[in-house]
Amino acid sequence: RRMPALLRAFRHPNYRLFFAGQAVSMLGMWLHWTAQSWLVYRLTKSAAAVGLVTLALQGPGLLLGPIGGAYADRFDKRRLLIVTQASTVLPAALLGVLTLSGRVVPWHIASLALVSGIARAFELPTRQAFIHDLVGVADLPNAIALNSALFNGARLIGPALAGLAIPLIGEGWCFLANAAAYLTIVFTLFALRLPPARPRDRTRAGIGAEILEGLRYVRGEPTMVALLGALAVAAVAGMPYTVLLPSFAARRLGGGPETFGYLQAAVGLGAIAGALTLAARTHVRGLERWVATASLTVGALLLVLSRAQSTLGAVLVLIPIGFAFMIQLATTNTLLQTLAPDHLRGRVMSLHTSLFLGVFPLAGLGAGALADRFGEAVVMLAGGSIVILGSAYFGRSLLRTSPRFP
């Protein structure tokens, strides 16, 4: 059947099935992450500790992400996704059992987050490149936008559920629910009806040489350098605000897990609006301007957030922050995949995930330590200022290369 422009990627049966499995998995993931952040802060009363656990979860992407991208280009993507998703079930279940038994301590949380983070370093670039295999080139921008809407829809619902569930049943049941949700996507991957995988060339160079090949290609593409540079600025100075939200909710706004859930949900609501705005587009022409504008907007809004004094005020700022961040991330993803040749797509996307999800937790750890000493508002103010300066520099470079986009 003919799909409306907003949902045109659903014309592909495999994408519909994959999307449904991801919906359950991502909801469980956000439920887990929100409960995990609150549990760490409850046990330690430290924003730096929250940043450390975030580093354990996201940090492996910085070192292992390029290897994951090379593996995505070399091996069957569906099999690689099955292995990585299955590898995250046990850490979530074990954390749930430890929490419910009352034996959990911070190093348990960090260690299990590290195990999940290693699997995630291989899963993310593979999943991003796998979407191209499910829908092809024509519907790729729409599929990326719908995936972003799904991710942030889960970000809207998951933290809200966690905010309600934590006071009633505790964090442990949130972790067990996530373990069950991860199994759903594993079964979904088995159910996909894909053509036989093309034989892989086993005589190619080693993984290290393939990673260098991808890096050399990106270095020779000014548009990609500008896109990734703007993304790196967002990762270093912009996104660490998310690590500060638990302590911001408690120390600045005087709230508890419910307030933290509201703040997370506000970001998710704005991000959904941004993703659906992109999903309605039928071409990539002009998206480079969206990247430049969105990154500058994020920096300005972080300055405003640093002055928020109430939950309502913070929510009203976090909604457009979520919108602008979503525009930047999804358009960067779309443009990189559009420009990348098929045989390098996994490696190009691994740089996307490494620069963002790998650098961000390191910056988040530093932001948490600074917030413990100087306060969340000071860190947000400094971060917003850096984002504005970096976005102006890379945005100018990006706009100079705009004729490359059809």
Side-chain angles (χ1 to χ4, degrees), residues 3 7-26 61 65-87 119-151 182 184-202 204 207 210-211 213-214 217-218 224 275 278-279 282-284 329-354 357:
M3 286 284 181
L7 304 174
R8 60 190 181 276
F10 286 140
R11 294 180 296 183
H12 305 271
N14 281 325
Y15 181 75
R16 292 199 300 268
L17 184 59
F18 185 62
F19 187 93
Q22 285 189 107
V24 177
S25 176
M26 288 185 180
I67 300 176
Y71 271 67
D73 287 334
R74 175 178 282 203
F75 299 107
D76 181 80
K77 295 181 183 66
R78 174 164 63 170
R79 292 183 180 179
L80 192 55
L81 284 173
I82 289 172
V83 172
T84 55
Q85 291 288 345
S87 300
R120 185 172 167 78
F122 287 85
E123 184 264 339
L124 272 175
T126 305
R127 172 158 50 88
Q128 291 182 338
F130 186 57
I131 293 173
H132 176 274
D133 296 347
L134 297 177
V135 301
V137 175
D139 291 328
L140 180 62
N142 180 251
I144 292 172
L146 289 176
N147 260 39
S148 298
L150 172 62
F151 179 84
Y182 278 137
T184 302
I185 190 63
V186 173
F187 293 141
T188 299
L189 287 165
F190 275 113
L192 294 177
R193 296 183 178 181
L194 297 173
R198 291 178 297 175
R200 296 313 198 261
D201 182 5
R202 300 298 181 183
R204 286 193 290 181
I207 292 294
E210 292 185 359
I211 293 173
E213 180 187 6
Y217 175 80
V218 170
M224 289 188 172
L278 289 173
T282 57
H283 55 78
V284 299
L329 295 179
T331 49
T332 298
N333 189 322
T334 299
L335 292 174
L336 288 174
Q337 293 220 46
T338 300
L339 291 171
D342 289 347
H343 71 286
L344 290 172
R345 184 168 287 109
R347 278 164 281 179
V348 170
M349 296 317 298
S350 73
L351 294 177
H352 176 276
T353 56
S354 295
L357 295 178

Scanning both residues in full, the closest heavy-atom pair of Tyr182 with Ser25 reads CD2-OG, 3.6 Å
Taking the side chain as everything from C-beta on, heavy atoms only, tell me whether Phe18 gets closer than 4.5 Å to Arg127. yes
When rounded to the nearest 0.5 Å, the distance separating CG of Leu146 from CZ of Phe10 is 5.0 Å
How far apart are the closest heavy atoms of Ile211 and Ala70, and which atoms are they? CG1-CB, 4.1 Å
Within the distance-only criterion (no hydrogens, no angle test), does the side chain of Asn14 pair as donor or acceptor with the backbone N or O of Leu134 below 3.5 angstrom? no
Could you check whether any side-chain heavy atom of Leu189 comes within less than 4.5 Å of a side-chain heavy atom of Phe130, counting everything from C-beta outward? yes
What I'd like to find out is whether the side chain of Thr126 reaches to under 4.5 Å of the side chain of Thr84, using heavy atoms alone. no
Ignoring hydrogens and angles, tell me if any N or O in the side chain of Tyr217 forms a donor-acceptor pair with the backbone of Leu344 under 3.5 Å. no
Return the CG to CE distance between Leu150 and Met26, rounded to the nearest 0.5 Å. 5.0 Å
Write down the atom of Pro125, the atom of Arg120, and the distance for their closest heavy-atom approach. CD-O, 4.5 Å
What is the distance from atom CG of Asp133 to atom NZ of Lys77, rounded to the nearest 0.5 Å? 4.5 Å
Rounded to the nearest 0.5 Å, what separation is found between the CZ atom of Phe122 and the CG atom of Leu80? 8.0 Å
Calculate, to the nearest 0.5 Å, the distance between atoms OH and CD belonging to Tyr71 and Glu210 respectively. 10.0 Å
A side-chain contact here means heavy atoms from C-beta on lying under 4.5 Å apart; do Val24 and Ile185 qualify? no
Which heavy atom of Ala143 sits nearest to which heavy atom of Val135, and what is that distance? CB-CG2, 3.9 Å
Atom CD in Gln22, atom CD1 in Ile131: separation rounded to 0.5 Å? 6.0 Å
Testing Asn333, Leu336, Asn147, Ile144 one by one against Gln128 for a side-chain contact (heavy atoms from CB on, under 4.5 Å), which residue passes? Asn333
